[in-house]
Protein chains: 2
Amino acid sequence: MEEVPKHKENSTEELILKAAKLVFSRKGMAGARMQEIADEAGINKALLHYYFRSKENLFNAVFYDLLGNIQKKFLGILNSEMDLFSKIRNFFTGYTDFLQENSFLPGFIINELNQDPEKMINHFRDAGIKPPPKLILQIKEEVQKGNIIQIDPMQLLMNMLSLAIFPVLAAPLLKGILEAKEGDFDQLMEKRKRELPEWFINSIMKK
Amino acid sequence: MEEVPKHKENSTEELILKAAKLVFSRKGMAGARMQEIADEAGINKALLHYYFRSKENLFNAVFYDLLGNIQKKFLGILNSEMDLFSKIRNFFTGYTDFLQENSFLPGFIINELNQDPEKMINHFRDAGIKPPPKLILQIKEEVQKGNIIQIDPMQLLMNMLSLAIFPVLAAPLLKGILEAKEGDFDQLMEKRKRELPEWFINSIMKK
DNA sequence: TTTTAGTTTAACCAACTGGTCAAAAGTAAA
DNA sequence: TTTACTTTTGACCAGTTGGTTAAACTAAAA
C-alpha cells in the first residue's frame with residue numbers, strides 16, 4: 001500500500017526521461033549516445049541502465065510518452081462532439097500550438113519511421129491511433145447535405161495533417177531559406193496560425 | 001586530355017554512390033555502416049575509403065547529388081515561364097512523381113536537418129535553393145489583378161510544399177494506419193494526384 | 001617481357017559504444 | 001547504533017566502428 005499516488009516531480013527517473021527526450025529527438029535512436037543522455041541529466045551513465053535496462057527500453061519509454069501526448073491532443077479534438085467547422089479551427093490552432101511546443105516530435109517520428117516502418121506502425125496501432133471515425137462521419141454527412149464540396153474524407157484529413165505538420169517539420173530549413181528574404185519566420189508562422197483555418201474552411205465550402 | 005567525357009555507367013564509383021544512397025536514406029548518416037554500404041555495392045570496405053576518403057565525404061557526395069535533383073526538378077518548374085495555374089498543376093503532378101520515385105529523399109533531409117540544422121541550411125544555400133522569385137512575382141500579380149484571393153505568396157508556397165511533400169514523407173505510416181480501413185493506399189495517392197491540383201487552384205480562385 | 005599506374009583485398013588498429021559489476025553512499029526503520 | 005534497503009558511482013569489458021596499410025592483382029605503356 002502506498003501513501004501518495006507517486007509524485008514524480010523531479011525524480012531521477014523524470015530527469016532521465018526529460019534528457020532522453022531531448023537527445024533522442026536531436027540525434028535519433030542511432031545517433032543518440034547513452035553518455036550524452038547521462039550528461040544531459042547530470043548523472044552517471046550506469047544509472048541509466050539501473051532505471052531503464054537498455055537503450056531500447058529507454059527509447060520506448062520516451063516514445064510511448066510522446067505517443068500518449070499525440071493521442072490525447074490530436075484525437076481528443078478530432079473525435080469530440082464539436083461541429084465540423086469548429087473542429088477544423090480547433091485542430092489547426094490547437095495542433096499548431098502543440099507542435100510548436102514539441103517541435104522535435106514530427107522529425108523524431110519520421111526519423112524512426114525510415115529506420116523501421118513496421119515497428120513504428122505497430123507502435124501507432126498499439127496506441128490505438130487511427131483515422132478519427134467521428135470526423136470521417138461528419139465530413140461524409142456535410143458532403144451529403146451539400147454544405148461542403150464533394151471530397152473524400154481521407155483526402156481532407158491528409159490535407160489537414162499536411163498543412164499543420166509539414167511547416168513545423170521543415171521549420172529549421174524554411175527558417176534558414178526564407179528568413180533571408182522575408183522578415184521573421186516566427187511572425188510568418190503566427191500569421192499562418194490565424195489565416196490557415198479560415199482559408200482551409202473556405203476551400204471546402206461550396207461556392 | 002581525355003578521350004571520352006568519362007562514361008561512368010557502371011564504374012565502381014557509381015556502384016558505391018548508388019549503394020550509399022540506399023543505405024544512407026534508410027539509416028541516416030549516424031545509423032549507416034560503411035560495411036553495409038560495401039556489402040550493398042558488392043565490394044570491400046577498404047575500397048570505399050579508396051574512392052571517398054571518409055564516411056562524411058561519401059555522405060556529402062550522395063547528398064549533393066540529391067540536392068542537384070531537387071534543384072533541377074523543383075525550381076525548374078517553379079521558375080519557368082508558365083502561367084500560374086499551369087505551373088501549380090505541373091508542380092503537383094511533376095513533384096509527386098519525382099517524390100514517389102525518390103520517396104526516401106524527404107525523410108533523409110528531415111533526418112539530417114534535426115542533427116545539424118545549420119549544416120543543412122548551408123548546403124541548401126550553397127546549392128542556390130531559395131523561394132522561386134518568378135512564382136512569388138506571379139502570385140503577387142494575380143492577387144493584384146484580382147484573379148486570385150488575397151494571400152501571402154510565402155504562405156501559398158508553404159501550402160503547396162506541405163500538400164505535396166508530407167503525404168510522401170509520412171506514406172509508410174499512413175499506409176499502415178489507413179490501409180486497414182481504406183482499400184489500397186497507392187490508389188488513394190493516385191486519386192490525390194488527380195484531384196489535389198484542381199482543388200488547390202479552386203481554393204485560391206475568387207468566388 | 002618489364003614497367004608503371006591504378007584498383008582491390010585481407011588483416012589490422014585505435015577509439016568508441018552499450019552494458020556490467022562490485023563497492024560506496026545515502027536512507028529510514030528497528 | 002545497527003540493520004536492511006535503495007540509489008549512485010567509478011572502473012571495467014567485449015563487441016563494433018571508421019579508418020589504415022601493405023601486399024596482391026590488373027592492364028596498358030614502354
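Below, chains carry the letters A, B, ... as their sequence lines are ordered, and counting in each starts from 1.
Residue pairs meeting the salt bridge (Lys or Arg N to Asp or Glu O under 4.0 Å) criterion with at least one partner in residues 25-54 of chain A, sequence neighbours excluded, are A/R26-A/E36, A/R26-A/E40, A/K27-A/E36.
Annotation: side chain of A/N159 is in contact with side chain of B/R192 (closest heavy-atom distance under 4.5 Å). Two residues are said to be in side-chain contact when any heavy atoms from C-beta on lie closer than 4.5 Å; B/E81 and B/K134 meet this criterion.
A perpendicular orientation is assigned to the rings of A/F24 and A/F59, their planes being inclined by more than 60° (bins at 30° and 60°).
Protein chain A touches strand DNA chain C; the 5'-most and 3'-most nucleotides with an atom under 4.0 angstrom of its non-hydrogen atoms are C/dT17 to C/dC21. The nucleotide range of DNA chain D contacted by chain B, defined by atoms under 4.0 angstrom from heavy atoms of the protein and reported 5' to 3', is D/dT17 to D/dT21.
The distance from atom CH2 of A/W199 to atom CD of B/Q155, rounded to the nearest 0.5 Å, is 10.0 Å.
When each of B/Y51 and A/A32 is assigned the nucleotide of DNA chain C bearing its nearest heavy atom, the one mapping closer to the 5' terminus is B/Y51. When each of B/A46 and B/M29 is assigned the nucleotide of DNA chain D bearing its nearest heavy atom, the one mapping closer to the 5' terminus is B/M29.
B/Q150 meets the side-chain contact (heavy atoms from CB on, under 4.5 Å) test with B/V143; sequence neighbours excluded. Taking the side-chain contact (heavy atoms from CB on, under 4.5 Å) definition, one finds that B/A46 meets it with B/N44, sequence neighbours left out. For B/I201, the side-chain contact (heavy atoms from CB on, under 4.5 Å) partners at least two apart in sequence or on another chain are B/F85, B/I88, B/R89, B/M205.
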